[in-house]
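Encoded as structure tokens, the structure appears first; notes follow it.
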Protein chains: 2
Amino acid sequence: MNIYDIAKEAGVSISTVSRVMNNKGNVNAATRKKVEAILDKHDYTPSAIARGMVSKTMKTVAVLTVDIRVPHYARTVYTIEREFSHRGYEVAICNTGGELEETAKYLKTMLEKKVDGIVLVGSIFNTLCKKDEIGNMIKNTPVVLANGKLELPNSYSVLVDDRYGVSLAVEHLLKRGHLDMYYLKDMDTVSARLKSEGFIKALESHGVSDAKQYVIDTDRSIGGGIEAVEKLIAENKKFTAIVCGEDITATGAVKAALRAGLRVPEDVAVTGYNNSEYARICEPRLTTIDNKPEMVAMMSVQLLTSLIEQTDVYSSCVIQPELVEGKTT
Amino acid sequence: MNIYDIAKEAGVSISTVSRVMNNKGNVNAATRKKVEAILDKHDYTPSAIARGMVSKTMKTVAVLTVDIRVPHYARTVYTIEREFSHRGYEVAICNTGGELEETAKYLKTMLEKKVDGIVLVGSIFNTLCKKDEIGNMIKNTPVVLANGKLELPNSYSVLVDDRYGVSLAVEHLLKRGHLDMYYLKDMDTVSARLKSEGFIKALESHGVSDAKQYVIDTDRSIGGGIEAVEKLIAENKKFTAIVCGEDITATGAVKAALRAGLRVPEDVAVTGYNNSEYARICEPRLTTIDNKPEMVAMMSVQLLTSLIEQTDVYSSCVIQPELVEGKTT
DNA sequence: CTGAAAGCGCTTACAG
DNA sequence: CTGAAAGCGCTTACAG
């Protein structure tokens, strides 16, 4: 059933049916009634594909992310989806695993589908977009990178100052008298590097020399946090605080401390990052850094929309994290 | 730039260009080379919209869920997306909040876009599909309900036996000598009702009479778990175990017990539901029920694919949860 | 092996 | 206020 069938049954032309469906003026009230009745009777669903053929847009946006099971990405993508839905766009979701090949594959099909724009969620895309293979694909499509800096013509960036974020945690601990602290670093994305830099700079600006030695590489997981702290204890390292790049790692750090008979925060203070549900589940509740995924999402949608609809001129922006005090410091 | 431009530049007809792009046989090797060179030179991206116009499919599937920030849904949707991606389908995601109006709105746009099929993730859709408003919309499109039972012509169901799931927890506790237990129920979906029924039946089959009195309604949150247990303690109720319908609630229950100076599991045993990361973050690690979201997702994709491509004839299926022992029992 | 033509289901000037 | 016609960018028989 298509617009021709409706037109025939109503005894009008397809132009008129089209006008009725799209609520255009210039239609006689009686004619409109008649057509609407037939539309209703058949529960008529116009084809957005045919419409897209003409309008050159399917009102669709692609969101590429690493893994939507990671709560921080889930929160970001959720807000992006809701906001775009309100604006009349559908959101296609792509879990790339942060891998080049998958990213390229997803981009290829999304570009064929002529998506109106693309949001890249995760600082890993910073690195990926530097490769020509990816960079060339997206240079003609509106793109926003949620947490990263993109140097492309048709794009914007929403940057979270992660270096500042971690420095907030360090300052907070210093203020409480901690000086012997370690940083648990996971992954090796741009964002992860900025975080550990924030740790190092903050410590060094308070007189600690060669703070780099207090950065420990570990897994982004509960187990990663447990292992790292167990090793510190086993090696008899001196420390009264553990700063973590992720809440999930911090929950592991707390577990290891408690299991070793240390009191949190009396013997060891711990901070996380993300202000996630994980931080609230942790007992005691984690002191953590709110890096505002909802705000990042809102800004991303606003910027991409302005790029797509070429309305207001916005510009890339930087978002400042905040400390959220829990019971682990 | 379209297929006509390519054809002109290559000095062939659009039919030939189409054949080359789609790797159809019957093209002279030299002609193919020539066309491919031009395609490459322009980095040509054919329009999936125009293609969809002809083929009547955009190779897109809609996934409606309540809220992708809930880890259980995130895991399900993640697997659904990955699986469909491998099969050449794009996934559009819709966070309906479980609300009728939003569900109807999303369905309308998805049907206009002529999606190939729909997956409904969450037992709330069970209730929603019973309403004519929703039921009528989806009766002509392939649909799979992930965790629920659908009575529609073009649809399949993947059911998780949640009643059995909770009974596993109860049996486990009974075996360890617990008899005085409460069940923390959240929400009021079909699945939530089945869970609390599982609790009641399991207890009653072990001689406890009127087990319904041990079911407590509370919030699906950490706070919900805390409040419920604090109230039990304040009211001097006798209990040695708490069975929860969700891991998140269980983490709250554990917190409340610990804060009241009770030992877990020595004084109070606690079980969760979902085998989520929350269960592993909880200290001690939660004993919980694995309701296999990945398996639910895989089955859903398999069933929907068979419905869409009208290949093999599968049938709706039931998945059995399993107990995962932690340190809280 | 190749091309001309029809058709997919709409929207949008244009003419009346 | 209404309709005939062109066009969106492809695929697919059909003829040669």
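Because the structure is predicted, anything quoted here is derived from the model rather than measured. A note on names: the letters A, B, ... follow the listed sequences, proteins ahead of strands, and every chain is numbered from 1.
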Stepwise salt bridge (charged side-chain N to carboxylate O under 4.0 Å, His left out) test for B:Lys34 and B:Glu9: CA-CA 10 Å; B:Lys34 187 172 58 181; B:Glu9 196 168 332; over 6 Å; no
Can you check whether [X] has a side-chain N or O nearer than 4.0 Å to OP1 or OP2 of [N]?
X       : N      : value
A:Asn22 : C:dT11 : yes
A:Asn28 : D:dC1  : no
B:Lys56 : D:dT11 : no
A:Ser47 : C:dC8  : no

Using atom [atom1] of [X] as one end and atom [atom2] of [N] as the other, report the distance to the nearest whole Å.
X       : N     : atom1 : atom2 : value
A:Met1  : C:dC8 : CE    : C1'   : 16 Å
B:Lys33 : C:dT2 : NZ    : P     : 14 Å
A:Ile49 : D:dG7 : CD1   : P     : 23 Å
B:Asn26 : C:dG3 : CG    : P     : 13 Å

Rounded at 0.5 Å granularity, tell me how far CD in B:Glu101 sits from CD1 in B:Ile134. 10.5 Å
Distance (rounded to the nearest 0.5 Å) between A:Met53 CE and A:Met58 CE: 11.0 Å
So if I take every side-chain heavy atom of B:Asn2 and compare against D:dG9, C:dG9, C:dT2, which nucleotide ends up nearest? D:dG9
Given D:dG3, C:dT2, D:dG9, the nucleotide with the shortest approach to the side chain of B:Met53: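 In terms of side-chain proximity for B:Met53, the closest of D:dG3, C:dT2, D:dG9 is D:dG9.
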Is the closest basic N to carboxylate O distance between B:Glu90 and A:Lys113 below 4.0 Å?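 Salt bridge: yes.
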Starting at the 5' end of DNA chain C and moving along, which residue's nearest nucleotide shows up first, B:Arg32 or A:Ile3? B:Arg32
State whether the number of non-hydrogen atoms from other residues, nucleotides or ligands found under 6.0 Å of B:Met295 atom CE is greater than 12.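 12 or below, so no.
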So for atom CE, which belongs to B:Met21, do other residues, nucleotides or ligands contribute more than 12 heavy atoms lying within a distance under 6.0 Å?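 Enclosed.
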Under a 3.5 Å cutoff, is there a donor and acceptor pairing between the side chains of A:Asn147 and A:Ser123?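 There is no such pair (donor and acceptor under 3.5 Å, judged by atom type) between the side chains of A:Asn147 and A:Ser123.
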Under 3.5 Å, sequence neighbours excluded: what are the donor-acceptor pairs made by side chains of residues 64-74 of chain A?
| residue | atom | partner | partner atom | Å |
| --- | --- | --- | --- | --- |
| A:Thr65 | OG1 | A:Val121 | O | 3.2 |
| A:Asp67 | OD1 | A:Arg69 | N | 2.8 |
| A:Asp67 | OD1 | A:Arg69 | NE | 3.0 |
| A:Asp67 | OD2 | A:Arg69 | NE | 3.3 |
| A:Asp67 | OD2 | A:Arg69 | NH2 | 2.7 |
| A:His72 | NE2 | A:Asn291 | ND2 | 3.3 |

Strictly by salt bridge (charged side-chain N to carboxylate O under 4.0 Å, His left out), give each pair with a member in residues 123-148 of chain A just once, sequence neighbours left out.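 The answer is none; no pair qualifies.
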Please list all pairs passing the ring pair (Phe, Tyr, Trp, His ring centres under 6.0 Å) test where one or both residues lie in residues 89-138 of chain B, with sequence neighbours left out. B:Phe84-B:Tyr89
Could you list the protein-to-nucleotides 12-16 of chain C atom pairs, N/O on both sides, closer than 3.5 Å?
| residue | atom | partner | partner atom | Å |
| --- | --- | --- | --- | --- |
| C:dT12 | OP2 | A:Lys24 | NZ | 2.9 |

Which dot-bracket string fits DNA chain D when only Watson-Crick or G-U wobble pairs with both atom distances under 3.5 Å count, crossing pairs get [ ], and | stands for a partner on a different strand? |||.||||||||.|||
What are the residues of residues 4-13 of chain A, sorted by number, that bring a heavy atom to within less than 4.0 Å of DNA chain C?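 By residue number: A:Tyr4.
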Report yes or no: does A:Thr141 contribute a side-chain atom to a donor-acceptor pair with the main-chain N or O of A:Ile138 at less than 3.5 Å?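 No, the answer is negative, given that no donor and acceptor are paired below the 3.5 Å cut-off.
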